[in-house]
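Some notes on the structure that comes next.
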Amino acid sequence: MTTPSRQMFKYGGWVFDIDRAMRLLEEHPRAVEQTSVADWSAAYHLNLLRPDYNGPSWCPIFGPDQSHFDVEHAMGTDLDQPVIIATLEFDSGPARLLIDGVHRMYRAMTEGHPTLPAHVLTITETAKIRLD
């Protein structure tokens, strides 16, 4: 029997445990919010991820690169499943980070959906799912 791999999201030196986030959301249900597809697509440069891309490799500062993105998988994702957004605390105030749902965001962008459902984690919840 194979052990399923843990879902993780890495941002710089931070790693977020997506499986732990999902368990936390099951234990502490909350209302689903709507989040802007255009805003997240722009922030993650999803418009650069094209199935027909045949140019040089590129590495975005923020978001997936072409070599680590599966367009076919993205187009089969469930847009009714909420994405997960973490809330981080900085000196300038809280900031949000999409940690689960980049493939769904890509599909929504290509199909012209204005929003997707989202679960937003608090700063405290985000700290609980961050691996240091």
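Since we're looking at a predicted model, the values are computed, not measured. The residues of the chain are indexed from 1 along the displayed sequence.
Connection of Val32 to Val37 is not established within any shared hydrophobic cluster, with ILVMFWY side chains joined at heavy-atom distances below 4.5 Å, either directly or through further cluster members. A single hydrophobic cluster is seen to contain both Leu88 and Leu24, as judged by linkage of ILVMFWY side chains at heavy-atom distances under 4.5 Å, directly or through other members.
With salt bridges taken as basic N to acidic carboxylate O contacts below 4.0 Å, none links Glu125 and Arg130.
Within the 3.5 Å criterion, the main-chain N or O of Leu121 finds a donor-acceptor partner in the side chain of Thr87. Judged purely by atom type and a 3.5 angstrom limit, Asp100 has no side-chain atom pairing as donor or acceptor with the backbone of Ile18. Side-chain N or O atoms of Arg104 include one that pairs as donor or acceptor with a backbone N or O of Pro82 at under 3.5 Å.
Using cut-offs of 30° and 60° for the angle between ring planes, the Trp14 and Phe16 rings count as perpendicular.
Residues Glu33 and Pro117 are not in side-chain contact: their nearest non-hydrogen atoms beyond the backbone lie 4.5 Å or more apart. Asp17 has its side chain out of reach of Lys128: every pair of non-hydrogen atoms, C-beta onward, lies at least 4.5 Å apart. The closest side-chain heavy-atom distance from Met22 to Ile84 is below 4.5 Å. Counting heavy atoms from C-beta on, the side chains of Ile129 and Ile99 come closer than 4.5 Å. When side chains are defined from C-beta on, Arg6 counts as touching Leu131, because their heavy atoms get closer than 4.5 Å. Taking 4.5 Å as the limit, some side-chain heavy atom of Phe9 sits within range of a side-chain heavy atom of Leu97.
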side-chain contact (heavy atoms from CB on, under 4.5 Å) assessment of His113 paired with Leu79: CA-CA 9 Å; His113 296 270; Leu79 298 184; 3.4 Å; yes

Quick one: do Tyr44 and Val102 satisfy side-chain contact (heavy atoms from CB on, under 4.5 Å)? Show the steps, please. CA-CA 8 Å; Tyr44 278 66; Val102 173; 3.9 Å; yes

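Within 6.0 Å of CD on Glu72 lie no more than 12 heavy atoms contributed by other residues, nucleotides or ligands.
Looking at His103, Met109, Met105, Glu111 one by one, the single match for side chain to side chain contact (heavy atoms under 4.5 Å, CB included) with Arg107 turns out to be Glu111.
Taking all atoms of both residues into account, the shortest heavy-atom contact from Trp40 to Arg96 is CH2-O, 3.7 Å.
With sequence neighbours left out, the side-chain contact (heavy atoms from CB on, under 4.5 Å) criterion links Asp80 to Asp78. For Asp39, the side-chain contact (heavy atoms from CB on, under 4.5 Å) partners at least two apart in sequence or on another chain are Ser36.
Atom OG1 of Thr35 is separated from atom CD1 of Ile85 by 3.5 Å, given to the nearest 0.5 angstrom.
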